[in-house]
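Note sheet for the following structure.
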Amino acid sequence: MDSDISSYAQRLCRSGLAADEALLWAAPGQGQPRWNRHHPVCARLDPLLEKPGIGAVVYARPAEPYAGIFDYLARTAADGVIRPRDSETRVFLTDLPVAESPDPDRLGPALSDRRCLVIPGFGLLAHGKDMAEACVCFSAACFAGFVKFFADSLQASRTGNIGRDRIRTFERACTYLSATAVFEGGLMRGPFETEADARAAIIEAGRAVVGHGLVDASFGNLSYRLGHSLYITTSGSFLDDLKDSVAAINLDTGAVSGGRPSSELPAHERIAGQTNFLAIVHGHPLFSVILSMDCHETDCPHSGDCHRLCPRSRQVCSVPVVSGETGGGPYGLSQTVPPAIRSNKAAIVYGHGVFSCAASDFNNALGRMVTIEHLCRKTYFEQIGIQIRP
């Protein structure tokens with residue numbers, strides 16, 4: 001097996017999304033399907049690898065609590081489709097079709113225009129042009145399912161329509177939640193004076209963001225401003241391995257070197273140009289995202305477009321919540337995050353994640369994000385009204 005290919009799948013296991021013994025993946029080599037291990041289902045899935053555009057497949061029953069959550073979402077899905085509302089779904093997935101079995105004849109039509117689907121009792125099937133993309137889609141689906149289930153449960157508890165099936169699933173899912181992360185500092189101290197130190201600090205902070213459960217490795221981004229240069233993680237990079245994944249941008253000329261910068265570069269550039277903050281961390285902590293979507297407005301004319309354009313001023317745990325699409329443009333989060341960051345040092349983007357900044361290094365930025373997620377998780381369980389605590 002190619003160690004570089006297998007390392008992508010191993011990240012899913014390290015992130016707690018799947019157990020190694022449950023994970024099947026294939027990347028066709030020399031015209032032949034190549035699976036990581038023998039399993040009866042592999043022969044059933046082989047025809048998928050012959051379809052145009054499918055360069056790699058990842059198939060597994062995810063680890064708990066994701067497995068139980070997806071079983072519930074699948075059996076309650078309207079029209080056989082799970083429709084999450086988070087940012088990962090909009091960027092990577094569109095929605096999550098539900099299939100009855102892992103038979104190619106049933107999976108093929110759904111996978112022609114979707115990159116991941118749910119097979120109740122079996123697991124998730126994700127594909128991409130390569131293993132990296134397939135694993136990103138699998139990870140995005142786990143994030144989307146978790147956020148949808150817990151966000152919908154909070155809303156259902158308020159309306160009194162939560163139902164016994166949801167309560168049972170909720171209680172079981174909570175038994176698998178990991179302990180709340182604690183940040184004790186210890187990262188490199190700034191301000192940094194050399195490019196080498198700035199890059200080293202980003203690499204170290206990236207590992208810490210993943211280690212504290214604030215992102216799956218394939219999501220989020222970091223940057224550091226040093227003089228007239230901005231050093232930022234590259235697009236599609238894995239935050240737990242940034243050795244060769246930090247680009248440099250000349251803030252005066254816009255010249256880029258070292259790879260394609262993160263799609264969130266416009267927001268990082270504006271924060272760097274409009275504030276005194278040097279270090280920026282963007283992560284996707286689960287309960288911060290869940291509460292960002294918890295809006296009490298009814299009959300809102302912007303309903304369904306909340307992620308792109310929300311005119312209301314909102315806060316969660318004293319942190320401003322803003323709308324904004326990935327990247328630049330008139331509705332880009334590059335328009336909404338920098339003003340919120342300027343006076344609050346942090347902002348939560350609706351359905352997306354948290355931006356946190358600091359004046360000299362990543363210690364305070366990361367510590368603040370850990371605190372925000374802790375408060376959001378605590379607030380969630382105080383509000384939901386189900387007498388259980390993880």
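In terms of modelled atom types and a separation under 3.5 Å, the side chain of Gln335 and the main chain of Tyr331 share no donor-acceptor contact. The closest donor-acceptor contact from the side chain of Thr371 to the backbone of Gly367 lies under 3.5 Å. No side-chain donor-acceptor contact under 3.5 Å links Thr89 to the backbone of Asp95. For the pair Asn36 (side chain) and Leu23 (backbone), a donor-acceptor distance under 3.5 Å is present. Put simply, the side chain of Arg199 gets close to the backbone of Val246: a donor and an acceptor are under 3.5 Å apart. At distances below 3.5 Å, at least one donor-acceptor pair connects side-chain atoms of Thr233 with backbone N or O atoms of Leu222. The main-chain N or O of Leu214 is never found under 3.5 Å from a side-chain atom of His212 such that the two would form a donor-acceptor pair. Between the side chain of Asn364 and the main chain of Ala358, no donor-acceptor pair closer than 3.5 Å is present. Within the 3.5 Å criterion, the main-chain N or O of Ala365 finds a donor-acceptor partner in the side chain of Ser356. Under the 3.5 Å distance criterion, the side-chain polar atoms of Ser15 are left unmatched by any main-chain donor or acceptor of Leu12.
Between the side chains of His228 and Asn250, not a single donor N or O lies within less than 3.5 Å of an accepting N or O. Donor-acceptor pairing under 3.5 Å is recorded for the side chains of His282 and His352. Between the side chains of Tyr350 and Arg85, at least one donor N or O sits under 3.5 Å from an acceptor N or O. Using a 3.5 Å distance cut-off with no hydrogens or angles, the side chains of Glu88 and His284 do pair a donor with an acceptor.
Residue pairs that meet the salt bridge (charged side-chain N to carboxylate O under 4.0 Å, His left out) test with at least one member in residues 139-149, sequence neighbours left out, are Lys148-Asp152. The salt bridge (charged side-chain N to carboxylate O under 4.0 Å, His left out) pairs that include a residue from residues 251-270 number zero, where partners must be two or more places apart or lie in different chains.
Residues Ser245 and Leu242 form a side-chain contact, since some pair of their non-hydrogen atoms from C-beta on lies under 4.5 Å apart. Looking only at side-chain heavy atoms (C-beta outward), Trp35 and Leu45 come within less than 4.5 Å of each other. Side-chain contact between Leu17 and Pro62 is absent, with no heavy atoms from C-beta onward closer than 4.5 Å. The closest side-chain heavy-atom distance from Ile249 to Ser229 is not below 4.5 Å. Taking the side chain as every heavy atom from C-beta outward, Leu125 and Cys116 never approach each other to under 4.5 Å. Arg114 has its side chain out of reach of Leu93: every pair of non-hydrogen atoms, C-beta onward, lies at least 4.5 Å apart. Looking at heavy atoms from C-beta onward, Ile271 lies in side-chain contact with Cys357 at the 4.5 angstrom threshold. By the 4.5 Å heavy-atom criterion applied to side chains, Thr275 and Pro338 are not counted as neighbours.
Val81 and Leu124 sit in two unconnected hydrophobic clusters of ILVMFWY residues. Membership requires side-chain heavy atoms under 4.5 Å apart, directly or through other members. Linking Ile, Leu, Val, Met, Phe, Trp and Tyr residues whenever their side-chain heavy atoms come within less than 4.5 Å leaves Ile232 and Phe362 in two separate clusters. Linking Ile, Leu, Val, Met, Phe, Trp and Tyr whenever their side-chain heavy atoms come within less than 4.5 Å puts Met188 and Leu366 in one cluster. Tyr224 and Leu230 end up in different hydrophobic clusters when Ile, Leu, Val, Met, Phe, Trp and Tyr side chains are linked at under 4.5 Å. Ile280 and Val256 fall into different hydrophobic clusters, where Ile, Leu, Val, Met, Phe, Trp and Tyr residues are linked whenever their side-chain heavy atoms come under 4.5 Å apart, directly or through other members.
Ring-plane geometry between Phe287 and Phe146 is classed as perpendicular, the angle between the planes exceeding 60 degrees on a 0 to 90 degree scale with a lower cut at 30. Between Phe219 and Phe92, the two ring planes are perpendicular [angle over 60°; tilted spans 30° to 60°].
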Go through the steps for Thr234 and Ser262 under the test side chain to side chain contact (heavy atoms under 4.5 Å, CB included), then give the verdict. CA-CA 5 Å; Thr234 56; Ser262 164; over 6 Å; no

Val319 and Asn344: CA distance, side-chain angles, deciding distance, side chain to side chain contact (heavy atoms under 4.5 Å, CB included) verdict: CA-CA 7 Å; Val319 180; Asn344 294 277; over 6 Å; no

Verdict with supporting geometry, His127 and Leu48, side chain to side chain contact (heavy atoms under 4.5 Å, CB included): CA-CA 9 Å; His127 74 90; Leu48 292 177; over 6 Å; no

Working note: Phe170 + Phe150, criterion ring-ring contact (aromatic ring centres under 6.0 Å, His included); need CA distance, chi angles, decisive distance, verdict. CA-CA 8 Å; Phe170 182 91; Phe150 278 90; 5.4 Å; yes

Could you go through Tyr176 and Tyr66, starting from their C-alpha distance and side-chain angles, then the distance that decides it, and tell me whether this counts as side chain to side chain contact (heavy atoms under 4.5 Å, CB included)? CA-CA 9 Å; Tyr176 290 98; Tyr66 305 100; over 6 Å; no

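Across all non-hydrogen atoms, the minimal contact from Ser292 to Val349 is OG-O, 3.9 Å. Smallest separation of non-hydrogen atoms from Ala340 and Val322: CB-CG1, 4.0 Å. Taking both residues in full, the closest heavy atoms of Ala267 and Leu333 are given as CB-CD1, 3.5 Å, listed atom of the first, atom of the second, then distance. The minimum heavy-atom distance linking Phe192 with Ser360 is given by the pair CE1-O, 4.1 Å. Val316 and Cys376 make their closest contact through CG1-SG, 3.6 Å (heavy atoms, listed as atom of the first residue, atom of the second, distance). Closest non-hydrogen pair, Val215 versus Gly283, comes out as CG1-CA, 3.4 Å.
Atom NZ of residue Lys243 and atom OG of residue Ser237 lie 15.5 Å apart, to the nearest 0.5 angstrom. The line from OH of Tyr380 to CG of Leu291 is 8.5 Å long, rounded to the nearest 0.5 Å. The structure places SG of Cys135 at 10.5 Å from CD of Glu133, a figure rounded to the nearest 0.5 Å. Note: Ile162 CD1 to Ser157 OG = 5.5 Å, rounded to the nearest 0.5 Å. Atom CG of Asp216 and atom OG of Ser139 lie 3.5 Å apart (nearest 0.5 Å).
More than 12 heavy atoms of other residues, nucleotides or ligands lie within 6.0 Å of CG in Asp113, so this atom counts as buried by the packing criterion.
Under the side chain to side chain contact (heavy atoms under 4.5 Å, CB included) criterion, Thr180 pairs with His374, Arg377, sequence neighbours left out. Annotation: side-chain hydrogen bond (donor to acceptor under 3.5 Å, both in side chains) contacts of Asp361 (sequence neighbours excluded): Asn363. Not a single side-chain hydrogen bond (donor to acceptor under 3.5 Å, both in side chains) links Gln315 to another residue, sequence neighbours left out. Checked against side chain to side chain contact (heavy atoms under 4.5 Å, CB included), Arg11 has the following partners two or more places apart in sequence or in another chain: Ser7, Tyr8, Arg14, Ala217, Phe238, Asp240, Asp241.
With salt bridges taken as basic N to acidic carboxylate O contacts below 4.0 Å, none links Asp294 and Arg314. For Glu325 and Arg90, the salt-bridge test fails: no basic side-chain N is under 4.0 Å from an acidic carboxylate O. Glu21 has no carboxylate O lying under 4.0 Å from a charged side-chain N of Arg37, or vice versa, which leaves the two without a salt bridge.
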